[in-house]
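Contents: one structure, followed by commentary.
Each chain gets a letter, A, B and so on, in the order its sequence line appears, and its residues count up from 1.
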Number of protein chains: 2
Amino acid sequence: MLMNLSDATDLLRGAGLRVTEPRRAVIEALRGLPHASADAIHAKVAQTLPDVSLQTVYNVLRDLTGCGLTRSIEPGDHPARYELRVGDNHHHLVCTRCGAITDVDCVIGHAPCLTPNDDHGFVLSEAEVTFWGLCTSCQSEVATASDPVPVTT
Amino acid sequence: MLMNLSDATDLLRGAGLRVTEPRRAVIEALRGLPHASADAIHAKVAQTLPDVSLQTVYNVLRDLTGCGLTRSIEPGDHPARYELRVGDNHHHLVCTRCGAITDVDCVIGHAPCLTPNDDHGFVLSEAEVTFWGLCTSCQSEVATASDPVPVTT
DNA sequence: GCCTTTTTTTGAATGACTCAAATGAAAGTT
DNA sequence: AACTTTCATTTGAGTCATTCAAAAAAAGGC
């Protein structure tokens, strides 16, 4: 009997966590929303389990992140996002305008993929690289909103 | 008559901002506390100007950052820090335990010092690199707190 | 199926930060 | 130097993401 390790139940078992409906639902939600906030996850989970509270989503995310099943991203002053993609060393592209997040593969390698010239005595664990920019849809919204294309030439 | 451009007054004038006591005091505070939170800046400013409110410190930091005299750093779930060092492309070393911040010079060059393989259509403005680790004092505190040095020889 | 441990719920609290109206100070104008 | 306009500061309340805590409910070993 093969165990489907991509199944939420098995992921939880494997991590030594109790299998509960809210936890499975949060994991499933993250499969469809790869960089979702607690709020967005809550909304998604509510589609199938309408009684799960936002507090529970926070609890679940804390537990999942604590045992390494998920990872939290905290970009600038945007609310925290969560992702299932863990273990590989990848980075993020964040839109300065709408906060949309996209994964970018690490050019260098595994963590810490970069090291400073002088570590000032710190014991380094990770190098986090965040690329800031304007996503495609914000580019067009900004363009139409203010200037209807400069007419140089 | 040489203008001392490192003087807070001249910095403000040069940026087209009105020169006020709170603004000068915030800039001076940041000279002594190169990665201070709004709270820490407020405490420092209060030593000379006890009536300046925390709200004013937030206002001043918003204005200074808005015109490029300061820059804000928002590491993970720590409160925002502010720094006077702007213009050069440097990065930060943040202690995962106490939140202490140290500057590290950029190994690569000016912004965006790195570029992803695939920019997903984003118009990139900056690559922010944050090194996470344990600072020296947290290392010793952690050591003394739990295990008094493993005696493996 | 029972019992202990862990989760979930509910409701309140926190911390960092922002908003808004009223007062006060800067600096250009005469 | 006084006037005036514009911008800054104060005060007090509000917001948002997140956490705390106590009580009720469910999970999984026996």
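The closest side-chain heavy-atom distance from B:N117 to A:D105 is not below 4.5 Å.
Partners of B:V19 by side-chain contact (heavy atoms from CB on, under 4.5 Å), not counting sequence neighbours, listed by chain and number: B:T9, B:L12, B:R13, B:R24. In terms of the ring pair (Phe, Tyr, Trp, His ring centres under 6.0 Å) criterion, residue partners of B:H35 (sequence neighbours excluded) are, by chain and number, B:H92. By the side-chain contact (heavy atoms from CB on, under 4.5 Å) test, A:S53 pairs with A:Q55, A:T56, sequence neighbours left out. For A:E128, the salt bridge (charged side-chain N to carboxylate O under 4.0 Å, His left out) test picks out no residue, with sequence neighbours left out. A:C67 is linked by a side-chain contact (heavy atoms from CB on, under 4.5 Å) to A:A15, A:L17, A:L69, counting only residues two or more places apart in sequence or in another chain. Residues passing the salt bridge (charged side-chain N to carboxylate O under 4.0 Å, His left out) test with A:E74: none are found, sequence neighbours excluded.
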Nucleotides 24-30 of chain C: protein proximity per nucleotide (B base, S sugar-phosphate only, - neither; heavy atom, under 4.0 Å) | -BBS---
Starting from the C-alpha separation in whole Å, work towards a yes-or-no answer on side-chain contact (heavy atoms from CB on, under 4.5 Å) for B:I27 and B:R31.
-> CA-CA 7 Å; B:I27 292 173; B:R31 290 206 212 281; 4.0 Å; yes
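No option in A:L11, A:T70, A:L84 other than A:T70 meets the side-chain contact (heavy atoms from CB on, under 4.5 Å) test with A:L64.
With respect to the salt-bridge test (charged N to carboxylate O, under 4.0 angstrom), the residues A:R81 and A:D103 do not qualify.
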All N/O donor-acceptor pairs, side-chain side in residues 40-49 of chain B, below 3.5 Å, sequence neighbours left out:
residue	atom	partner	partner atom	Å
B:H42	NE2	B:V52	O	2.9
B:H42	NE2	B:L54	N	3.4
B:T48	OG1	B:V45	O	3.3

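For the helix from C:dG1-D:dC30 to C:dT30-D:dA1, the terminal axes (five pairs an end, C1' atoms, rotation from four pairs onto the next four) enclose an angle of 30°, given to 10 degrees.
What you find for A:F122 and B:V94 is that their closest heavy atoms are CE2-C, 3.7 Å.
With rounding to the nearest 0.5 angstrom, the CD atom of B:E28 is 11.5 Å from the CG atom of B:L33.
Going from atom CZ of A:R23 over to atom P of C:dT9 covers 12 Å, rounded to whole Å.
With hydrogens and angles disregarded, a donor-acceptor distance shorter than 3.5 Å links the side chain of B:T96 to the backbone of B:G133. Side-chain N or O atoms of B:E126 include none that pairs as donor or acceptor with a backbone N or O of A:W132 at under 3.5 Å.
Scanning DNA chain D 5' to 3' for nucleotides with an atom closer than 4.0 angstrom to a non-hydrogen atom of chain B gives a first and last hit of D:dT6 to D:dG12.
Of the residues in residues 33-72 of chain B, those placing a heavy atom less than 4.0 Å from an atom of DNA chain C are B:Q55, B:Y58, in numerical order. DNA chain C is contacted by no residue of residues 74-86 of chain A, taking any non-hydrogen atom closer than 4.0 Å.
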